[in-house]
Amino acid sequence: MSTAHRTDVRTAVAEVERLRDLHPVDNPLPEALARSGNPTVQLRRLVIIEAQCHTAELAAYGVLLTRFHSDRATELWLALGRLVHEATPKLHEAGRVLGLRESELTRRSGDPGAAPFNEALSWVALTGGQAAAALASHSDMVTYFAGGAAVARRLREAGADVPEAFVDYYDDTGDPAMRDLALDVAQEGLRRGDDPDEAVFHARRVEEGIGAIWSTAAFAA
């Protein structure tokens with residue numbers, strides 16, 4: 001990435017998008033669900049994985065609050081933490097209507113499908129710069145909400161016999177204002193001299209982690 005654009009977050013976003021086009025993060029889950037006569041196993045696995053990711057996310061945003069606490073950065077980490085905190089009961093309800101017990105959603109053993117995302121998020125929270133953490137959060141929102149909405153849309157198109165509480169949970173395109181806030185915080189870090197290549201690296205790692213969630217759930221048996 002050219003250092004001539006070192007402080008321009010749009011250049012970093014364009015590089016993430018170039019990598020996304022060059023090496024797409026696969027989401028086989030919508031089609032796997034549409035082909036399945038009974039998608040319950042796949043959907044349960046998805047909910048279990050996401051529940052474990054919520055735990056990692058809340059911890060990561062707490063770490064980031066202690067590391068980067070300008071007004072805008074604080075606003076971002078608090079907003080993301082609140083988003084996950086408020087989504088967790090809804091996710092548990094989606095799991096309950098699929099027949100999951102609460103103990104299955106809070107079990108201590110880690111699901112392999114959650115590991116890539118949790119590792120990527122923990123890594124950037126502990127060692128990344130502000131721009132890296134914020135750009136990773138932006139990529140998280142872009143990739144996760146698009147993938148979840150695709151799952152909900154495909155289930156409805158296929159007329160799948162799936163509880164509405166589950167479909168409603170994933171039928172969400174996210175908040176554009178929060179994505180813009182993440183870019184503002186990334187820009188702030190770049191302006192202070194953060195490495196844009198580091199930001200792109202971590203953003204891509206988080207996207208790949210989300211891809212692992214979709215793939216693991218798609219091929220659950």
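Here Glu164 pairs with Arg156 in a salt bridge; the nearest charged N to carboxylate O distance falls below 4.0 Å.
Listed for the Glu198 side chain is no donor-acceptor partner under 3.5 Å among the backbone atoms of Gly128. In terms of modelled atom types and a separation under 3.5 Å, the side chain of Gln42 and the main chain of Ala220 share no donor-acceptor contact. Although no hydrogens or angles enter the test, the distance criterion places a donor-acceptor pair under 3.5 Å between the side chain of Thr66 and the main chain of Val63. Side chain of Ser36 to main chain of Ala32: no donor-acceptor pair is present (N/O by atom type, distance under 3.5 Å, no hydrogens or angles). Listed for the Arg67 side chain is a donor-acceptor partner under 3.5 Å among the backbone atoms of Ala125. The backbone N or O of Ala131 lies less than 3.5 Å from a partner atom in the side chain of Asp194, making a donor-acceptor pair.
Scanning all heavy atoms of the two residues, the minimum distance from Phe117 to Asp140 falls at CZ-OD2, 3.6 Å. Counting all heavy atoms, side chain and backbone alike, Gly95 lies closest to Val47 at CA-CG1, 3.8 Å. Closest approach of Leu98 and Arg44 over heavy atoms only: O-NE, 2.6 Å. Across Gly189 and Gln130, no two heavy atoms sit closer than the pair N-NE2, 3.6 Å. Counting all heavy atoms, side chain and backbone alike, Ala186 lies closest to Val9 at CB-CG2, 3.8 Å. The nearest pair of heavy atoms linking Ala177 to Asp175 is N-OD1, 2.9 Å.
Linking Ile, Leu, Val, Met, Phe, Trp and Tyr whenever their side-chain heavy atoms come within less than 4.5 Å leaves Leu183 and Phe201 in two separate clusters. Under the 4.5 Å side-chain heavy-atom criterion for grouping Ile, Leu, Val, Met, Phe, Trp and Tyr, Met141 is connected to Leu58 within one hydrophobic cluster. When hydrophobic clusters are built by joining Ile, Leu, Val, Met, Phe, Trp and Tyr residues whose side-chain heavy atoms come closer than 4.5 Å, directly or via intermediates, Leu190 is not grouped with Val206. Taken together through direct or relayed side-chain contacts under 4.5 Å among Ile, Leu, Val, Met, Phe, Trp and Tyr, Leu91 and Ile210 form part of one hydrophobic cluster. Hydrophobic clustering (side-chain heavy atoms under 4.5 Å, transitive across Ile, Leu, Val, Met, Phe, Trp, Tyr) keeps Trp123 apart from Leu19.
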Before giving the answer on side chain to side chain contact (heavy atoms under 4.5 Å, CB included), spell out for Arg154 and Leu29 the whole-Å C-alpha distance, their side-chain angles and the decisive distance to 0.1 Å.
CA-CA 9 Å; Arg154 195 68 185 92; Leu29 185 55; over 6 Å; no
Step by step, work out the side chain to side chain contact (heavy atoms under 4.5 Å, CB included) result for Val84 and Tyr61.
CA-CA 10 Å; Val84 173; Tyr61 301 139; 4.1 Å; yes
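Residues satisfying the side chain to side chain contact (heavy atoms under 4.5 Å, CB included) test with Arg18, not counting sequence neighbours, are Glu15, Leu22.
Rounding to the nearest 0.5 Å places CD of Glu93 at 11.5 Å from CG of Leu100. Atom-to-atom distance recorded for Leu76:CG and Asp71:CG is 13.0 Å, nearest 0.5 angstrom. Considering CG of Asp184 and CZ of Arg191, their distance stands at 8.5 Å, rounded to 0.5 Å. Between the CG atom of Leu105 and the CD atom of Gln52 there is a distance of 9.5 Å, given to the nearest 0.5 Å. To the nearest 0.5 angstrom, Tyr144 atom OH is 8.5 Å from Glu57 atom CD.
Taking the side chain as every heavy atom from C-beta outward, Leu78 and Leu65 approach each other to under 4.5 Å. Using a 4.5 Å cut-off on side-chain heavy atoms (C-beta onward), His202 and Leu135 make no contact. With contacts defined as side-chain heavy-atom distances shorter than 4.5 Å, the pair Met178/Leu80 qualifies. Counting only heavy atoms from C-beta outward, the side chains of Ile213 and Cys53 approach each other to under 4.5 Å. Looking only at side-chain heavy atoms (C-beta outward), Phe166 and Leu46 come within less than 4.5 Å of each other. Taking 4.5 Å as the limit, every side-chain heavy atom of Phe68 sits out of range of all side-chain heavy atoms of Val185.
Among Glu188, Arg192, Glu75, the single residue meeting the side chain to side chain donor-acceptor pair (under 3.5 Å) criterion with Ser70 is Glu188.
Here side chain to side chain donor-acceptor pair (under 3.5 Å) pairs that include residues 207-221, with residues two or more places apart or in two chains, are Arg20-Glu207, Ser139-Glu207, Arg204-Glu208. Pairs of residues two or more places apart, or lying in two chains, that qualify as side chain to side chain donor-acceptor pair (under 3.5 Å) and include a residue from residues 79-91 are His54-Thr88.
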